[in-house]
Amino acid sequence: MKRRSLPVKNLIRRPGRTFALILLTVFLSLSVLGGTVIVSSLRQGLNSLEARLGADIIVLPSSAQSKVSFEKLFLQGTAGAFYMDASVLDEVLQTPGVEAAAPQTFLASLKADCCSVKIQVIGIDPDKDFTVRPWIAESYAREIGPMEVVVGCKVEAEVGEIIRIYDERCKAVARLAPTGTGLDTAVYCSMETMGVLLQAAEAKGISHKITSDDDSRISAVYVKVREGADIDQVSSRLNSHIRKVTAVRTRSMITQVSDSLAGITRTIGVLIAAVWALTVIILLIVFAMMTAERRREFAVLRLIGMSRRALSGLLLTESTLCSAAGALIGAAFAFTLVLPFTALIEQSLGLPYLTPDWKTVLGYAAATVLITVLIGSISSAYAAWKLSRTDPGTALREGT
Amino acid sequence: MALRADNISKQYFRKTGEANFFSAVSHVSLTLDPGTLTVLTGRSGSGKTTLLHMLSGLLPPSEGKVLLDGADLYAMSDADLSRLRNTGLSVIPQARSALETLTVLENVLLPGALYRRKDQRAEALHWLEKLGIGHLQDARPAALSGGELRRMAIARALTQDGEILLADEPTGDLDDENTALVLSTLRAAADAGKAVLLVTHEQDAKDYADCVYRMNEGEMQACI
C-alpha cells in the first residue's frame, strides 16, 4: 500500500463516479477542440481564398449569372462554363486605372478518368497571368507545356499520370497545395491546351455555346488596379463601358464569405462558451456533492493523520486525473469526428475550409487538454478548500 | 508519553429555550498515563465521544487545553498535529471508519503508508489474525459485517502503534467472545506501556480497567 496509489484506487474502485467525471470533461474537451479546429479551418480557408484570388476585380460575362456561379466555382468547386469574347480583354486593358489583366477560360469536364465527379478545367495565359502562376510556381517551376495539366490537391491523379479529359490525354505535371476552396478540384492548363479540349468537347457534342473554330472565347478576366486608383471607380467604368459583362470586386465576394464566416464563428464561439460555462457549473456542483458524500471518508483520513494540505492534494489529484483522462479522450474523439469528415463539413458549410497543418492541430489539442485539466482542477479547488476547513470530529459524529 | 486534559469544555451552538449554547463537556480534567487502561462510561449523550475527539486532536475545546507531555495539541500546526495523530495517537472511532475503496488489509496499512513508514504488513496481518478477521484481508469493507468492520478499525489502530490509544465503544457490535478478545487485547496494550482510554457501555470493561470515570451531562465524576 503506497500513499500515491490512493487517488488511483479511489478512482478505479468507484467506476460510476469516475466515469461521470470523465464524461463531463470529454464533452468539454471534444467541443472545445472540435470547435477550434472548425473555426480555425474556416479562417485559414478565407485567408487562402483571399491569397488565391490575387486580383482586385474579376470581369465575367453577364450570362454567368454574375458572381453567383463564380462563387460556387470558388467555394464549392461546382463546375461551370460561361464565355465571352476575347476582345473583352483588350477593352479591359484600355480602361483607365487598370494595370494588368489576365484571361482565364473555364471548361467543365464530363466524368474524367481521374475523377468520380465533374472537374473544372481552367485555361490560363502564362504571359499575362498574375493570379494563378505564383501559386503554381510553388509546386511547378516550369511553364505548363502542351497537353500538360497542373491538378488541384483533391483531383485523384498522381504526378506523371495521364488523365483523359474529353478523351484527350493530358499529363499531370504537378499537384497544387491545398487551398480549402473549390479550386482544389480544378485542373489548370495553358490556353493552347484549352483550345484542344474545347474542340474535343465540341466533337463530343457538348455545347459550350462556342463553335469548333472559335478559340477566341474566355470566361473571366482578372484585373489588377493601378496603385492609387479607386477600385470601385474602375469597377464602375468596366461595367459601364464594356457590354454584356459584369465586373465584380473580389473584396465584396470575400466580404460576403467573411460575413458568413463571422456568423458561423460567432455561433461556434457561443456554443463553446456555453459548454464551458455549463461544464464548470456542473463540475462545481458534482465536486461539492461528491465532497459532501465523502465527508466521513475524509474525516477518517484526517483521523489517521492526513493533513489538510494532503487531503486537498488528494482531491485535486483525483480531479486532475479524471480531467486529464477526459481531456485526452475528448481530444481523440475530436480528431476522430472532425478531421476525417473535413469534406462533409466543408460541403455543408459551403465556405472555404482549410484544415491547419498537423503541428498547429496538435498545438490546439495540447492547449485544450491543458485548459480542460485546469478547469477540472479549479472546479475541485473550492470543494478541496471547503473540505480542508471541515472539522473531522464533527464529520465523524454525523454518521454515528 | 502522557496525555492530559486540563479543565477542557466544549460548547455547541444550539438554540434551546433561552440558551444559545449547549455544553457537551464541562470543565473536565483527566490524565492518561503510560501503562494504564482508563475506562470512561456514561449514558448516551453525556459527552464521552466529544471528550475523546478533543483528546485525539480532532475537535478543539472551547476552553482549556489538551497537553501531550506538556505540549498543547491545539497550538500545533496542522501538519504537526496530523503527524502526531498518525504516529503518537491511535484512535478507534465509534462510527464506521473504513475506506470503501480499499481492501481490509489496505485500510489497516493506510496510516503507515501516509507517512511512508516501514512496511507494516506483518504487524497488520498479525492483528487481523488475532482479532479473527485474517481471512478477510482482501475483502472490501462493503462485504463485512458491523462487528468485522469494528475489529478492522481496532487492527488499524493497533498496527498504527501510537503510544496513546483512544477507543470509542470498540465492542459496540461484538458478541461476548469477541468483546472479551478486544478487551483483553486493549489490556495487553496498556500492559505493554501504552496509555489507553476506553469509552464504553460495556459493564465487563471495568474488570480490565485501572481506573473508571463516569460522565454525566458533560461533567466527569472522579476515578472509581
Side-chain angles (χ1 to χ4, degrees), chain A residues 1-22 290-315 317-319 321-322 384-400, chain B residues 10 12 24 44 49-50 52-60 77-103 105-117 119-121 124 140 142 153 156-157 160 162 166 168-169 172:
Chain A
M1 177 71 200
K2 293 206 163 44
R3 177 180 163 170
R4 63 173 173 271
S5 67
L6 187 58
V8 177
K9 282 185 170 149
N10 282 342
L11 293 176
I12 291 173
R13 293 175 183 176
R14 289 275 192 200
R17 189 171 70 194
T18 306
F19 177 75
L21 277 175
I22 289 177
M290 218 171 70
T291 311
E293 179 210 323
R294 297 174 70 187
R295 250 169 87 88
R296 165 165 294 281
E297 176 189 336
F298 295 138
V300 171
L301 286 168
R302 294 281 284 141
L303 173 82
I304 60 173
M306 188 174 264
S307 66
R308 283 195 181 110
R309 192 175 166 169
L311 192 57
S312 299
L314 173 74
L315 196 62
T317 306
E318 287 183 22
S319 66
L321 286 173
C322 281
W385 175 81
K386 210 172 163 200
L387 176 68
S388 73
R389 309 256 71 85
T390 306
D391 185 1
T394 308
L396 279 171
R397 281 183 69 91
E398 282 171 1
T400 52
Chain B
K10 184 68 187 178
Y12 290 110
S44 296
T49 297
T50 300
L52 184 138
H53 284 167
M54 287 193 287
L55 290 172
S56 57
L58 291 167
L59 188 65
S77 68
D78 179 65
D80 289 342
L81 183 55
S82 298
R83 181 175 282 276
L84 179 68
R85 273 202 302 268
N86 183 268
T87 54
L89 292 165
S90 303
V91 182
I92 302 164
Q94 185 184 357
R96 191 182 170 97
S97 66
L99 298 193
E100 300 294 327
T101 53
L102 303 181
T103 65
L105 181 60
E106 286 169 341
N107 264 286
V108 175
L109 290 172
L110 185 59
L114 288 184
Y115 289 86
R116 297 185 177 86
R117 295 221 294 261
D119 186 13
Q120 294 182 303
R121 195 181 168 84
R140 297 272 287 277
R156 181 177 63 202
Q160 205 175 330
L166 307 170
D168 194 355
E169 302 201 19

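Only a predicted model underlies this, so the values are computations on that prediction, with no experimental measurement involved. We name chains A, B, ... by the order of the sequence lines, and we start the count at 1 in each one.
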| field | Heavy-atom contact with chain B under 4.5 Å, split by part of A:L6 | value | side chain

| request: Using non-hydrogen atoms and a 4.5 Å limit, figure out which bit of B:E106 sits close to chain A: side chain, backbone, both or neither. | output: both

| field | Toward chain A, the part of B:T50 with a non-hydrogen atom under 4.5 Å | value | both

| request: Check the surroundings of atom CZ in B:R140: do more than 12 heavy atoms from other residues, nucleotides or ligands lie under 6.0 Å from it? | output: yes

| task | Give me the one residue out of A:R13, A:R294, A:R296, A:R14 that meets side chain to side chain contact (heavy atoms under 4.5 Å, CB included) with B:E100. | result | A:R14

| Minimum heavy-atom separation for B:N86 to A:G305, with atom names? | CB-CA, 3.9 Å

| request: Check whether any side-chain heavy atom of B:P93 lies under 4.5 Å from a side-chain heavy atom of A:V300, and answer yes or no. | output: no

| request: State which residues pass side-chain hydrogen bond (donor to acceptor under 3.5 Å, both in side chains) with B:S97; sequence neighbours excluded, sorted by chain then number. | output: B:R156

| Between B:L99 and chain A, which part of the residue has a heavy atom less than 4.5 Å away: side chain, backbone, both or neither? | side chain

| query | Checking B:D78 side chain against A:S307 main chain: does a donor-acceptor pair fall under 3.5 Å? | reply | no

| Can you tell me if B:Y115 uses its side chain to pair, donor with acceptor, with the backbone of A:M306 under 3.5 Å? | no

| field | Partner set under side-chain hydrogen bond (donor to acceptor under 3.5 Å, both in side chains) for B:S82, not counting sequence neighbours | value | A:R302

| field | CZ on B:R85 to CD1 on A:I304, rounded to 0.5 Å | value | 10.5 Å

| said: Heavy-atom cut-off 4.5 Å, strictly under: side chain, backbone, both or neither for B:L102 against chain A? | reply: both

| request: Kindly give the heavy-atom pair with the smallest separation between B:L114 and A:L301, and that separation in Å. | output: CD1-O, 4.4 Å

| query | B:T103 versus chain A, heavy atoms under 4.5 Å apart: side chain, backbone, both or neither? | reply | both

